[in-house]
Amino acid sequence: MNRCSEAAAVAATVPGSGVGAAEHRPPMVPRQASFIPPPVPNPFVQQTGLGTARLLQAFLLGIVLLPLRLILIGLLFLLSWPFAAAFIACCPEKPTYPVTDWRRTLTHLVLRYLGYALYFSMGFKVSVKGKAASALEAPIFVVAPHSSFFDGIACIVSGLPSLVSRYETVQIPMIGSLLRAVQPVLVSRVDPDSRKNTINEIVKRATSGGEWPQDTVTWTWQGYTFIQLCVLTFCQPFTKVEIEFMPVQVPSDAEKNDPVLFANRVRNLMAEALGIPVTDHTYEDCRLMISAGQLTLPMEAGLVEFTKISQKLKLDWDGIRKHLDEYASIARSSKGGRIGIEEFAEYLKLPVSDVLRQLFALFDRNHDGTIDFREYVIGLAVLCHPANTEEIIQVAFKLFDIDEDGYITKEEFSTILQASLGLPNLDVSGLFKEIAQGDSVSYEEFKRFALRHPEYAKIFTTYLDLQTSHVYSLPREVHTAASVASNKVCPEDHEDRTSDKKDD
């Protein structure tokens with residue numbers, strides 16, 4: 001479907017559009033299933049309510065268990081620290097070669113048994129299913145669902161593999177020394193090259209023939225804090241943990257050529273074993289979630305499956321974060337932090353009309369009468385940005401510049417916009433003031449506004465689309481002549497103009 005006929009779908013119901021019969025109306029844009037949000041709870045939030053009986057039990061047991069366990073944990077850390085300090089004494093912070101001599105054997109043996117004692121003193125009862133593979137058989141060891149610092153139990157049971165950890169963690173006194181003793185791969189979340197460097201380091205270790213240990217801890221972003229989590233855990237008589245070692249997974253030839261296939265298969269196998277769903281949420285979604293909270297929006301507003309959407313729509317972090325600010329300016333005062341047709345119209349400084357409802361419907365992907373942030377981002381990328389090229393902005397400007405003097409007056413602006421929206425009494429004074437610095441609008445002013453407000457792209461070209469819709473509804477012999485006559489405002493190659501983003 002070409003650009004003009006696509007946009008004509010938006011204007012098809014406007015009175016006077018020239019498209020009277022339903023069979024002449026272009027079909028609505030199809031919607032990819034991959035853009036539908038996953039039907040799963042927020043993976044970064046854990047809300048747990050404790051009844052009065054549980055709180056009373058935790059208080060009474062905690063009087064004895066909490067101080068006793070804290071003393072035992074402190075003693076075990078003090079016993080572990082000298083071995084860890086001796087191991088890292090001659091090692092750089094970011095190791096470039098594996099430690100394979102007696103220091104590794106002795107240190108790992110001692111730290112492993114002290115680790116067992118540590119978790120036993122915390123009240124954990126650990127059961128193990130299956131058997132851990134060796135570093136030669138499986139150089140990469142993945143732990144899931146990776147939802148708390150107690151994931152470290154799996155690392156103790158599997159023989160202290162090298163962890164992938166935040167760089168900031170090794171700076172913590174004592175804990176940093178213990179972490180460095182397993183020769184971790186350190187990740188800096190503020191370094192743009194950190195992800196690439198981490199991948200290169202893991203590849204180097206995985207292909208070392210077993211010289212490095214296996215390569216493999218956080219709580220949810222909203223819920224209990226670390227201190228609360230520890231206190232509630234230590235106040236229980238015991239906590240059951242089951243660790244299952246699954247069979248080694250080897251990538252097929254197709255998965256070697258496309259590692260994402262292998263990653264998805266492994267992820268699905270682990271999710272199936274755990275009995276939980278999968279999502280495409282990443283750390284960037286956490287950042288957006290926190291930003292949404294700072295903008296007084298529901299934190300769930302930022303959960304857009306950033307990686308999947310950014311890859312499909314060629315978006316970057318800064319662009320989506322900017323869209324979050326724009327979305328907040330529209331939705332902050334609305335109920336539930338979602339955009340309705342009234343907020344949408346108020347933001348565009350236009351009344352609710354048939355054209356605006358059609359445009360709103362293209363954003364409202366699940367047809368619930370509101371637009372969430374995910375729908376807003378996809379709508380801007382799919383519906384608006386492709387239409388805001390330099391060429392289309394020029395076309396839109398020529399459309400409004402009726403007398404072709406290089407400027408748009410308020411009267412010219414009103415005439416076309418009233419016809420576009422099908423509202424002859426429409427007052428566009430507020431919108432015109434947003435664009436104009438004086439009594440008229442130059443091309444540069446119009447261009448700056450169009451680029452800054454992509455939401456208007458469809459509105460500005462609706463009149464052109466109405467003409468096109470009328471031409472398409474005419475008999476074939478009239479269609480050709482009318483197309484030539486309309487070249488003033490429509491590029492000659494419009495019938496070949498397509499966008500691979502339109503199949504959303």
Taking all atoms of both residues into account, what is the closest heavy-atom pair of Ile156 and Gly115, and its distance? CD1-CA, 3.9 Å
Any sub-3.5 Å donor-acceptor pair from Tyr327's side-chain atoms to Gly337's backbone N or O? yes
Could you measure the distance from the CG atom of Leu288 to the CG atom of Leu297? Nearest 0.5 Å is fine. 11.5 Å
Tell me the closest heavy-atom pair linking Thr370 and Phe360, and the distance in Å. CA-CZ, 4.0 Å
Classify the side-chain pair Thr282/Thr307 by whether it contains a donor and acceptor separated by less than 3.5 Å. yes
Mind checking whether Lys125 and Val241 have side chains closer than 4.5 Å, heavy atoms only? no
In Å, rounded to the nearest 0.5 Å, how long is the span from CE of Met246 to CE of Met270? 7.0 Å
How close do Ala84 and Ala181 get, counting heavy atoms only, and between which atoms? CB-CB, 4.0 Å
Contact summary for Met289 and Met299, nearest pair of heavy atoms: CG-O, 2.8 Å
Main chain of Thr198, side chain of Glu201: is a donor-acceptor contact present, judged purely on distance under 3.5 Å? no
Using a 6.0 Å cut-off, check whether atom CD of Glu242 has over 12 heavy atoms from anything other than its own residue. yes
One pair to check against salt bridge (charged side-chain N to carboxylate O under 4.0 Å, His left out): Arg321 and Asp316. What are the steps and the verdict? CA-CA 9 Å; Arg321 180 61 180 79; Asp316 57 22; over 6 Å; no
Please check if the number of heavy atoms outside Phe234 that lie under 6.0 Å from its CZ is greater than 12. yes
Do Arg112 side-chain atoms and Val157 backbone N/O form a donor-acceptor pair below 3.5 Å? yes
With the side chain counted from C-beta on, respond yes when Asp364 and Glu375 share a heavy-atom pair under 4.5 Å apart, and no when they do not. yes
For the atom pair CG (Leu114) and CG (Leu78), what is the distance rounded to the nearest 0.5 Å? 11.0 Å
Think Lys131 forms a cation-pi with Phe245, using NZ or CZ under 6.0 Å from the six-ring centre and within 45 degrees of its axis? no
Quick one: pull up CG in Leu65 and CG in Leu72 and give me the separation to the nearest 0.5 Å. 10.5 Å
Would you say that Ile243 contacts Lys129 through its side chain, given a criterion of any heavy-atom pair below 4.5 Å between the two side chains? no
Closer than 3.5 angstrom, by distance alone: can the side chain of Asp285 be matched with the main-chain N or O of Glu305 as a donor-acceptor pair? yes
Heavy-atom closest pair, residues Ala301 and Ala292: CB-CB, 4.2 Å
Could you tell me whether the side chain of Pro259 reaches within less than 4.5 Å of the side chain of Pro251, counting heavy atoms only? no
Step-by-step side-chain contact (heavy atoms from CB on, under 4.5 Å) determination, Leu295 to Leu324: CA-CA 9 Å; Leu295 294 169; Leu324 182 61; 3.7 Å; yes
Quick check against the 3.5 Å criterion: does Arg267 have a side-chain atom that pairs as donor or acceptor with the backbone of Phe262? no
Less than 4.5 Å apart, side chain to side chain, heavy atoms only: is that true for Leu431 and Phe449? yes
Rounded to the nearest 0.5 angstrom, the CG-CZ distance for Leu55 and Phe59 is 11.0 Å
Could you walk me through whether Glu326 and Tyr376 pass the side-chain contact (heavy atoms from CB on, under 4.5 Å) check? CA-CA 10 Å; Glu326 297 166 352; Tyr376 182 74; 3.5 Å; yes
Going through the checks in order, is the side-chain contact (heavy atoms from CB on, under 4.5 Å) test met by Leu274 and Glu244? CA-CA 10 Å; Leu274 290 165; Glu244 178 181 358; over 6 Å; no
For the pair Glu255 (side chain) and Ser252 (backbone), establish whether a donor and an acceptor sit closer than 3.5 Å, ignoring hydrogens and angles. yes
Taking all atoms of both residues into account, what is the closest heavy-atom pair of Leu66 and Cys235, and its distance? CB-SG, 4.3 Å
What verdict does the side-chain contact (heavy atoms from CB on, under 4.5 Å) test give for Lys312 and Ile309, after you've listed the backbone C-alpha separation in whole Å, the side-chain angles of each residue and the deciding distance to 0.1 Å? CA-CA 5 Å; Lys312 281 185 169 291; Ile309 287 180; 6.0 Å; no
Flag side-chain contact, heavy atom, 4.5 Å: Lys240 against Phe124: no
Got Leu261 and Asp258 here, is their nearest side-chain heavy-atom distance under 4.5 Å? yes
Are more than 12 heavy atoms, taken from residues, nucleotides or ligands other than Lys204, located less than 6.0 Å from that residue's NZ atom? yes
Working to the nearest 0.5 angstrom, can you tell me the gap between Thr296 OG1 and Gln294 CD? 11.0 Å
Can a donor-acceptor pair be found, under 3.5 Å and without considering hydrogens, that links the side chain of Arg69 to the backbone of Ser121? yes
Pairwise side-chain contact, Val126 with Tyr116, heavy-atom cut-off 4.5 Å (strictly under): no
